Asks: 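Supplied in structure tokens, the structure appears directly below.
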Amino acid sequence: MSMNPPLERRILAIVTEDPALAQPGAGAPLILVASQQEKEMTATLLSRALQAAVLELANGCLVVAHV
Amino acid sequence: MPLSEYLAAVTAGLAVGTVARAALLRSDYRQYPAYPHGYVNHLTMGLIAAALGAVSVPALLEKQYTAVTFLALAAQSFRQVRKEERDSLVDLDTEELVPRGGTYIDGISKVFEARNYLAMLTALVCSATVTVLGRRLDLALAVPMGVLAGIGAAVLLSRAMVGRKVGDVCRVRPAEFHFLGPSLYVEGAYMMNVGLPASRDLILKQGLAAALEPNDPAARATLANVGQRQALVHDAAAILGIYMDIGEMEFTPLARLDHATGAVMLFILPQERDMDALLQALRNTPLLESAWREPRATRAGRMAYRRPERPEKGAPKP
């Protein structure tokens, strides 16, 4: 990964336990999981498969993104 | 002038120029060129450069002014060498876990070009000395003196080509790092968001951080260059190893700027967790000539860096 990333940065997936966040028009695949452990496992697998980073938002969502 | 004297001048120049190029063809931690084909390519170019330099003086003395044209053609070929080196390194860079970056590659390719000029000039000095002295002295004396002059020229030129290191322009010291929620900070400078708790644990266990505090405004402007910072993380990763594989983006080494002080905060997960080795690797990273800035060379720059309200080092961020 370069220190100077391209301008195009993409959110590849959002992993969350909160069904309230599953709104239409999110702009990225939203994956609902049952537990914290499953959330971390899913985000890890996605990040390794997609060569992406996992970011944590203040609301607990894990965002899988190319940064 | 007899042919034997020209032959002696050309042979001595060719030999000294080629040896000078070979002496500079060394592999270091960058491991480039570290394979037989690379050596052969660069030695052959050095031989051609030395031949052109050695032949040019006798040719000019014989009023063969087309020799100048050949020197111009050689310069064009050497520029082509630089372009090919750059293209090759750019291609290889896509397969590096921690790339060199364009600025570093530009510097490496310029060095390859310059070393051919060095071979040519060394051969020219040697050949000219043998030719001039050969008219007054015996060849048995003129040739060794020409060789010595060539060696002297090679030493002077290679010393002039030695660049500065990062450690010459800034203080490099260990730095503390911590997490604030998912955010990784090195002494108050935000580095990155690490979402996975397992990755945060590994970073806390295996990570190392260093701070590079610039000595003056020129160093500050240079360290702010993205290419220079990429060179720092590349060299640190190349020397200490890197605790990451494809797709593990959260383990990528980073160098971020502390806006208040201009210091660069570097974070890395090395294979060999040795702080002294990290500091040494950072100090020895080349200061890239394409990244070097000198803001005080202008009146506006001198005015800007005289302002008393600049924040002190270590001052808290607003």
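As the structure is a prediction and not an experimental result, all values here were calculated from the model. Atoms considered below: every heavy atom in the structure, side chains included; atoms not considered: hydrogens, waters and symmetry mates. Letters go in sequence order (proteins before strands), and every chain restarts at 1.
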Asks: Strictly less than 4.5 Å between heavy atoms, which residues of residues 36-46 of chain A line up against chain B? Please order them by number.
Replies: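 Hits under 4.5 Å: A/E40, A/A43, A/T44.
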
Asks: For the residue pair A/Q51 and B/M249, what are the closest heavy atoms and their distance?
Replies: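 Closest approach of A/Q51 to B/M249, heavy atoms only: O-CE, 3.4 Å.
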
Asks: Near B/Y243 OH, under 6.0 Å, is it more than 12 heavy atoms from other residues, nucleotides or ligands?
Replies: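 Result for OH/B/Y243: open.
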
Asks: Checking heavy atoms, do the side chain of A/L55, its backbone, both or neither come under 4.5 Å from chain B?
Replies: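 Both the backbone and the side chain of A/L55 come within 4.5 Å of chain B.
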
Asks: Taking everything shown except B/Q271 itself, do over 12 heavy atoms lie less than 6.0 Å from its CD?
Replies: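 Enclosed: over 12 neighbouring heavy atoms sit under 6.0 Å from CD of B/Q271.
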
Asks: Do B/N193 and A/V63 touch side chain to side chain, with heavy atoms closer than 4.5 Å?
Replies: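 Contact flag for B/N193/A/V63 side chains = no.
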
Asks: Report the distance from atom OG of A/S47 to atom CD of B/E248, rounding to the nearest 0.5 Å.
Replies: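 Rounded to the nearest 0.5 Å, the OG-CD separation comes to 8.5 Å.
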
Asks: Can you measure from CZ (A/R48) to CD1 (B/I246) and round to the nearest 0.5 angstrom?
Replies: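 One gets 12.0 Å once the value is rounded to the nearest 0.5 Å.
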
Asks: What residue, out of B/A198, B/S199, B/P182, has the most heavy-atom pairs lying under 4.5 Å from chain A?
Replies: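 Maximum pair count with chain A is reached by B/P182.
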
